[in-house]
*Asks:* 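Have a look at this one.
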Amino acid sequence: ASNRKRAPYPPGPKPLPLIGNMLDFPSSSLAQEYVEWGKKYKSDILHAEALGNHVVILNSREDAIALLEQHAKLYSDRPQMPIFPLMGWEFNVALLPYGDEWRQHRRVCQQNFNPQTARKYESLQMEKVRGFLQSLIETPEQFDAHNKVLSVSLTMNMMYGYDIKSIHDRVIEVAEAGNVIGSRLMAPGGSLINIFPILRHIPPWVPGATSHKEAKEVKDLTAEMMRIPTEFVKKSLAEGTATSSLVTDFYEKKYSVGATEQEEDIIKNIAYTVYGAASDTCLKKTISSSGTFFCQMALHPEIQRKAQEELDRVVGSKRLPTLDDRKSLPYLEAIYRELLRFKPPLPLAVPHSLSAEDHHYKGYFIPKGTLVYPNIWAMTHDENVYPDPFSFKPERFFDSNGKLNDDDRVLAYGFGRRICVGKSIASSTLWLQIASVLACFNIEKAKDKLGNEIEVDTSYEESGLLMRKREFECSFIPRSFAIKKLILEAA
Ligand code: HEM
């Protein structure tokens, strides 16, 4: 050991002996609380620890890029939580440790979800979005359920060629049940063994220690959730009714030219990751963003009018918008960017972890094994970059010449080698949904029996790392009889 004094950890609350900062960690509004820490400790990079486990929070975009991208080799691991294998979630791509297994999975994801190949899903996206519009005409008050069906059916179709028509499909029910327990186990306080792996050796007075039974329940539900669509694919291939999807295309290849068991496992793991076995993975982020969209539109008729003017001018009223129209609709693009700025569905992304060695940065010491959370919410609410950050304003993405500015990096998708691998699909799905809804409907505040407007509930619920828009009421009024006819004919 050297006598030289070690560099200090980044600033943060002073740890107590033994338990460290265990009592300092916030239990709700985490991203906002860490902004307060930043003010209190006068630093954009923050540190806390408990029982030998270190956490670093990065409130600034520069630090996140410096560590997670410029030093990606060091900061691309994920914390391995003992609860994952207990729940059967150890093969979730988002949670795999940095290494060959993750690399193989990520490569297959990239081959299937890059911007070019993602285009093959376009006709499916169009079909499902049109189905959604039709449901909005039939039962507009159930828009939340329709929104869920849109996301789940699109995903299940892309992955398995499995068509879901109703929210009561067994696959949805099984996944929901698993996710409800799973996200409780993953949430801080739900099961402390997530945050502090060391606690698995600690007796049952620790809250986490009692969750083994629940974890087993999640594991059974996860297995069931993978079994139903995989059997469906095999059956539909045997009967000759299969449609193209990640899994069916793979089995067709396997039956014609062969494939290894390892390749088969990779495909199965990806399909289940995308479908969202881990509550925070894919689906719910898109659902959360469209929830934000409906809410903000009900609050801002003037934004709707501007978007509709653009749509009417560029697309006209004789057809529905397609992804080819996207580049000609800058105001809609600005709405898309603003949605993900205003409410990034994963405000703290998914934690990266510093795997290989200790690291020094800006004179601070970051020990090996540290969990690193980029605080996306802090970055997208930095008033030096986004003045008046708490207002929903698509206009902020235009320069003084009225052109869309070059701030096109959507921070909500995270950083570095672990950046969201589904971002092209997420982006096109969300864009198509908001463009289509605005082309066809005015979104208004709902009215009570006496005709008084009902205030929009703008609140969110935190579920693990994910922010979900709470259900609220609003009305969808078709913009014209002709549009209503167009939707009913197109669907
Ligand atoms: C609005 C929608 C979405 C948002 C905001 C979002 C955001 C994110 C974020 C923040 C991460 C973690 C990045 C990091 O570690 O720095 C992530 C990871 C991931 N996302 Fe998304 N995502 C969305 C939709 C999707 C969709 C639709 C898919 C699948 C088609 C998907 C697949 C994944 C996967 C597989 C990972 C794990 C990547 C890895 O660990 O290597 N996401 N996403």
Side-chain angles (χ1 to χ4, degrees), residues 31 58 61 64-65 67-69 72 75-80 89 91-99 101-115 117-118 121 124-125 150-152 154-159 245-246 266 269-293 336-337 339-353 371-377 379-380 409-434 464-469:
L58 306 172
R61 174 179 175 145
I65 289 175
L67 293 185
L68 309 181
E69 305 202 330
Y75 287 93
S76 297
D77 206 0
R78 296 283 194 214
Q80 291 309 304
W89 288 6
F91 292 112
N92 187 302
V93 182
L95 309 176
L96 278 177
Y98 187 52
E101 197 161 34
W102 166 77
R103 229 169 258 118
Q104 287 157 351
H105 282 78
R106 178 104 192 172
R107 197 174 309 126
V108 178
C109 284
Q110 267 156 351
Q111 282 158 2
N112 286 280
F113 307 149
N114 70 48
T117 44
Y121 298 118
L124 196 61
Q125 288 170 314
L150 166 65
S151 291
V152 180
L154 191 53
T155 313
M156 290 299 281
N157 257 296
M158 290 190 297
M159 295 301 114
S245 74
L246 184 81
I266 291 178
N269 291 337
I270 292 174
Y272 121 95
T273 300
V274 170
Y275 172 42
S279 57
D280 292 343
T281 308
C282 303
L283 269 178
K284 301 226 168 129
K285 297 177 290 198
T286 325
I287 297 179
S288 166
S289 297
S290 27
T292 303
F293 168 72
Y336 162 79
R337 288 186 195 173
L339 279 174
L340 289 165
R341 181 202 71 80
F342 187 71
K343 285 286 172 192
L346 294 174
L348 292 169
V350 178
H352 289 230
S353 118
L371 255 63
V372 181
Y373 285 94
N375 191 345
I376 295 175
W377 186 87
M379 301 170 205
T380 64
R409 166 145 187 197
V410 176
L411 295 174
Y413 292 118
F415 294 90
R417 295 187 190 164
R418 288 290 191 159
I419 197 167
C420 179
V421 75
K423 66 184 164 61
S424 297
I425 291 182
S427 170
S428 56
T429 306
L430 195 57
W431 185 88
L432 197 61
Q433 188 183 11
I434 65 182
L465 289 169
L466 182 82
M467 296 293 282
R468 315 161 62 151
K469 178 73 201 74

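Just follow the structure's listing: the first ligand is 1, and inside any ligand the first atom is 1. Please read all numbers here as calculations on a predicted model, not as lab measurements.
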*Asks:* With a 3.5 Å distance limit and no angle check, can you tell me whether R418 reaches the backbone of D77 through a side-chain donor-acceptor pair?
*Replies:*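 Absent.
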
*Asks:* Going by heavy-atom distance to atom 11 (C) of ligand 1, choose the closest among Y75, Y413, F113, F415.
*Replies:*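 Looking at heavy atoms only, Y413 sits closest to atom 11 (C) of ligand 1.
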
*Asks:* Quick check against the 3.5 Å criterion: does S245 have a side-chain atom that pairs as donor or acceptor with the backbone of M159?
*Replies:*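 Yes.
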
*Asks:* Residue-level breakdown please: for P345 versus ligand 1, do any non-hydrogen atoms fall below 4.0 Å on the side chain, on the backbone, on both, or on neither?
*Replies:*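 P345 to ligand 1: side-chain contact only, backbone stays beyond 4.0 Å.
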
*Asks:* Using a 4.0 Å heavy-atom cut-off, which part of K423 comes near ligand 1: side chain, backbone, both, or neither?
*Replies:*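 Neither part.
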
*Asks:* Relative to the heavy atoms of V93, which atoms of ligand 1 are at a distance of less than 4.0 Å?
*Replies:*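 Counting atoms of ligand 1 from 1, those under 4.0 Å from V93 are 40 (O).
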
*Asks:* Does any part of the side chain of N157, heavy atoms only, come nearer than 4.5 Å to the side chain of Y121, both counted from C-beta?
*Replies:*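 Not touching, per the 4.5 Å side-chain cut-off.
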
*Asks:* How many angstroms lie between OG1 in T117 and CD in Q111, if you round to the nearest 0.5 Å?
*Replies:*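 Taking OG1 in T117 and CD in Q111, the distance rounds to 8.5 Å.
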
*Asks:* Below 3.5 Å, N or O to N or O, backbone or side chain included: is there any such pair between R106 and ligand 1?
*Replies:*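 In this structure, R106 places an N or O atom under 3.5 Å from an N or O of ligand 1.
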
*Asks:* Please check: side-chain N/O of R61 versus main-chain N/O of L411, any donor-acceptor pairing under 3.5 Å?
*Replies:*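 Not a single qualifying donor-acceptor pair exists.
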
*Asks:* Among V274, I425, L150, T429, which residue satisfies the side chain to side chain contact (heavy atoms under 4.5 Å, CB included) criterion with T155?
*Replies:*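 One option only clears the test, and that one is V274.
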
*Asks:* Go through ligand 1 atom by atom and flag the ones less than 4.0 Å from a non-hydrogen atom of V274.
*Replies:*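 Near V274, the atoms of ligand 1 are 29 (C), 30 (C).
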
*Asks:* Taking only heavy atoms of G414, which atoms of ligand 1 are found under 4.0 Å from at least one of them?
*Replies:*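 Under 4.0 Å from G414, ligand 1 has these atoms: 10 (C), 13 (C), 16 (O).
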
*Asks:* Quick check: does H352 get an N/O under 3.5 Å from an N/O on ligand 1?
*Replies:*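 Yes - when backbone and side-chain N and O of H352 are compared with those of ligand 1, one distance drops under 3.5 Å.
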
*Asks:* Is the shortest N/O to N/O distance between R418 and ligand 1 below 3.5 Å?
*Replies:*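 Among all N and O atoms of R418, at least one is under 3.5 Å from an N or O of ligand 1.
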
*Asks:* At a non-hydrogen distance cut-off of under 4.0 Å, which region of M158 contacts ligand 1 (side chain, backbone, both, or neither)?
*Replies:*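 The answer is neither.
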
*Asks:* After noting the C-alpha distance and the side-chain angles of I434 and L339, does the key distance pass the side-chain contact (heavy atoms from CB on, under 4.5 Å) rule?
*Replies:* CA-CA 10 Å; I434 65 182; L339 279 174; 4.2 Å; yes

*Asks:* Out of V350, I376, I425, who gets a non-hydrogen atom closest to atom 12 (C) of ligand 1?
*Replies:*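 It is V350 that holds the nearest heavy atom.
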
*Asks:* Is it possible for you to check whether R103 lies under 6.0 Å from the centre of the six-membered ring of Y98, through NZ or CZ, and within 45° of that ring's axis?
*Replies:*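 Yes, cation above the ring, under 6.0 Å and within 45°.
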
*Asks:* Would you tell me which option among C109, S424, A426 has the nearest heavy-atom contact to atom 2 (C) of ligand 1?
*Replies:*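 It is A426 that holds the nearest heavy atom.
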
*Asks:* Under 3.5 Å, is there a donor-acceptor pair between the side chain of T273 and the main chain of V93?
*Replies:*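 Confirmed, T273 side chain pairs with V93 backbone.
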
*Asks:* Any donor and acceptor pair, going by atom type alone, linking the side chain of S424 with main-chain N or O of N114 inside 3.5 Å?
*Replies:*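 No, the answer is negative, given that no donor and acceptor are paired below the 3.5 Å cut-off.
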
*Asks:* My understanding is that we take every heavy atom of each candidate and find the minimum distance to atom 42 (N) of ligand 1. Doing that for P344, C420, G422, which one comes out nearest?
*Replies:*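 Of the listed residues, C420 has the closest heavy atom.
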
*Asks:* Against ligand 1, does R78 come closer than 4.0 Å with any heavy atom?
*Replies:*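 R78: in contact with ligand 1 (<4.0 Å).
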
*Asks:* When only distance counts, is R417 in polar contact with ligand 1, meaning an N/O pair under 3.5 Å?
*Replies:*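 No; every N/O pair is 3.5 Å or more apart.
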
